There are 2 protein chains.
Amino acid sequence: MKTKERSSENKICPLEVAVNSISGKWKVPIVWQINEGKKRPSEFLRGIAKVDRRVLNQQLKEMEQDGILTKVSFNELPPRVEYSLTELGEKLVTILWMLNDWGKLMIPAEED
Amino acid sequence: MKTKERSSENKICPLEVAVNSISGKWKVPIVWQINEGKKRPSEFLRGIAKVDRRVLNQQLKEMEQDGILTKVSFNELPPRVEYSLTELGEKLVTILWMLNDWGKLMIPAEED
DNA sequence: GCACATAGGGATAAAAAAGTCACTATTATG
DNA sequence: CATAATAGTGACTTTTTTATCCCTATGTGC
């Protein structure tokens with residue numbers, strides 16, 4: 001999910017940039033799961049229910065380009081790739097925790 | 001954007017609920033603009049660039065159902081409707097400010 | 001009557017995102 | 001040789017989301 005036109009198109013809005021960078025069905029789950037340190041694509045595939053390999057790669061790639069994740073490819077066989085949070089990504093986790101707390105406030109009402 | 005299946009489908013994840021409730025192209029801009037107090041749909045239309053009336057209504061409706069916005073309809077002619085943030089919505093603004101700060105960290109790199 | 005403003009919605013089209021399938025390549029194992 | 005891991009992608013379909021168009025209704029001003 002690249003940076004597209006949203007509310008404002010002339011000036012760069014930091015909030016817009018931020019929201020764009022985490023707008024993707026599996027991006028927040030990815031950040032949420034990686035917290036332990038490193039994770040391989042295959043681990044994400046097993047951990048995050050029904051993510052497709054194709055889509056996972058897309059989102060990982062975008063997050064890497066956005067500076068949220070770091071990718072390390074080992075020259076081994078079978079191939080090994082590890083993703084970890086950058087400093088920026090770790091700061092995001094802090095905000096996600098707050099969003100998580102905020103989300104708790106919505107649950108009683110949405111529990112239908 | 002209703003609550004759909006994301007990472008986990010059995011247990012309710014507050015973060016998932018939170019993210020779902022603000023996943024919508026104009027939802028964050030709406031919250032971001034309403035901070036002053038109240039806003040009429042027509043004001044959003046003029047304020048947020050190219051939002052379409054139809055889409056705006058959809059997102060306002062969902063946010064009202066999610067408890068983020070409060071809608072007040074006045075029985076006047078021409079009709080008047082005002083949206084304002086609920087307590088929950090105001091708490092969201094706090095988090096959006098942090099996301100905004102976080103987004104600033106991404107801008108130098110993305111300024112191509 | 002016509003145009004404008006207000007708020008709202010049905011039917012439909014377009015665009016964007018996500019998902020599916022099949023293939024690449026390599027080594028080890030049976 | 002077949003199969004299973006590993007990571008990755010091109011071509012394509014499906015689903016979801018957003019946008020467009022045209023209607024409703026009401027009162028004011030021309």
Side-chain angles (χ1 to χ4, degrees), chain A residues 1-9 16 19-31 33-34 38-66 69-84, chain B residues 1-9 16 19-31 33-34 38-66 69-84:
Chain A
M1 189 177 278
K2 300 284 176 299
T3 301
K4 306 171 309 302
E5 41 171 345
R6 287 210 166 209
S7 54
S8 56
E9 49 223 303
E16 202 174 311
V19 170
N20 279 341
S21 74
I22 58 174
S23 290
K25 189 167 177 178
W26 308 104
K27 291 189 178 177
V28 168
I30 285 170
V31 174
Q33 285 224 351
I34 213 176
K38 304 174 187 304
K39 262 208 156 54
R40 302 176 64 172
S42 54
E43 292 178 293
F44 284 121
L45 288 174
R46 283 190 289 266
I48 310 181
K50 297 180 296 222
V51 205
D52 178 70
R53 157 170 237 86
R54 186 74 159 74
V55 181
L56 176 69
N57 279 345
Q58 285 175 349
Q59 313 228 337
L60 286 173
K61 193 174 195 177
E62 288 178 10
M63 294 173 81
E64 189 200 355
Q65 291 171 340
D66 284 337
L69 299 181
T70 301
K71 176 183 181 179
V72 179
S73 299
F74 297 86
N75 203 13
E76 306 176 358
L77 259 312
R80 183 158 63 102
V81 170
E82 285 180 352
Y83 287 92
S84 54
Chain B
M1 190 176 279
K2 299 287 176 295
T3 302
K4 305 173 306 305
E5 42 172 345
R6 288 209 165 211
S7 53
S8 55
E9 51 223 303
E16 203 174 313
V19 170
N20 279 342
S21 73
I22 58 173
S23 291
K25 189 168 178 178
W26 308 105
K27 291 188 178 178
V28 167
I30 286 169
V31 174
Q33 284 224 352
I34 213 176
K38 304 173 188 303
K39 263 209 156 51
R40 302 175 64 173
S42 53
E43 293 179 292
F44 284 120
L45 289 175
R46 281 188 291 265
I48 310 179
K50 297 178 301 221
V51 204
D52 179 69
R53 156 167 237 89
R54 187 71 160 77
V55 180
L56 176 68
N57 278 345
Q58 286 175 349
Q59 314 229 336
L60 286 173
K61 193 174 191 176
E62 287 178 11
M63 295 174 80
E64 189 200 353
Q65 290 171 342
D66 285 336
L69 299 181
T70 301
K71 176 183 181 180
V72 179
S73 300
F74 297 86
N75 203 14
E76 305 176 359
L77 262 308
R80 183 159 64 102
V81 170
E82 285 180 353
Y83 286 92
S84 53

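Protein chains get the first letters and strands the later ones, always in sequence-line order, with residue 1 at the start of each. Values in this document were obtained by computation on a predicted structure and should not be read as measured data.
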Quickly work out the [X] [atom1] to [N] [atom2] distance and round it to whole Å.
X	N	atom1	atom2	value
A/R53	D/dT9	CZ	P	10 Å
B/E82	C/dG8	CD	P	12 Å
A/L45	D/dA5	CG	P	13 Å
A/D52	D/dC12	CG	P	17 Å
A/E76	D/dA5	CD	P	18 Å
A/R54	D/dG8	CZ	P	12 Å
A/R80	D/dG8	CZ	P	13 Å
B/K71	C/dA7	NZ	C1'	8 Å

What I'd like to find out is whether the side chain of [X] reaches to under 4.5 Å of the side chain of [Y], using heavy atoms alone.
X	Y	answer
B/K27	B/E62	yes
B/F44	B/I34	yes
B/I30	B/M63	yes
A/L69	A/L60	yes

Item to check | 5′-ward residue of the pair B/Q58/A/P78 relative to DNA chain D | outcome: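 Closest to the 5' end, via its nearest nucleotide, is A/P78.
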Next on the checklist: Of the listed nucleotides (C/dA18, C/dG8, C/dA7), which one gets closest to any side-chain atom of A/W26?
Outcome noted: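 My answer, after comparing the listed nucleotides, is C/dA18.
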Please determine if a side-chain N or O atom of [X] lies less than 4.0 Å away from the OP1 or OP2 oxygen of [N].
X	N	answer
B/K50	D/dT20	no
B/K25	D/dA19	yes
A/S42	D/dA5	no

Checklist entry - Where do B/E43 and B/K39 land on the salt bridge (charged side-chain N to carboxylate O under 4.0 Å, His left out) test, with the steps shown first? => result CA-CA 6 Å; B/E43 293 179 292; B/K39 263 209 156 51; 5.4 Å; no
Looking at every strand, decide which applies to [X] at a 4.0 Å heavy-atom threshold: base, sugar-phosphate, or nothing.
X	answer
A/V81	sugar-phosphate
A/P41	sugar-phosphate
A/Q59	sugar-phosphate

Checklist entry - Hey, which of these two, A/V51 or B/K61, hits DNA chain C nearer its 5' end, going by closest nucleotide? => result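 Comparing both residues, the 5'-ward one is B/K61.
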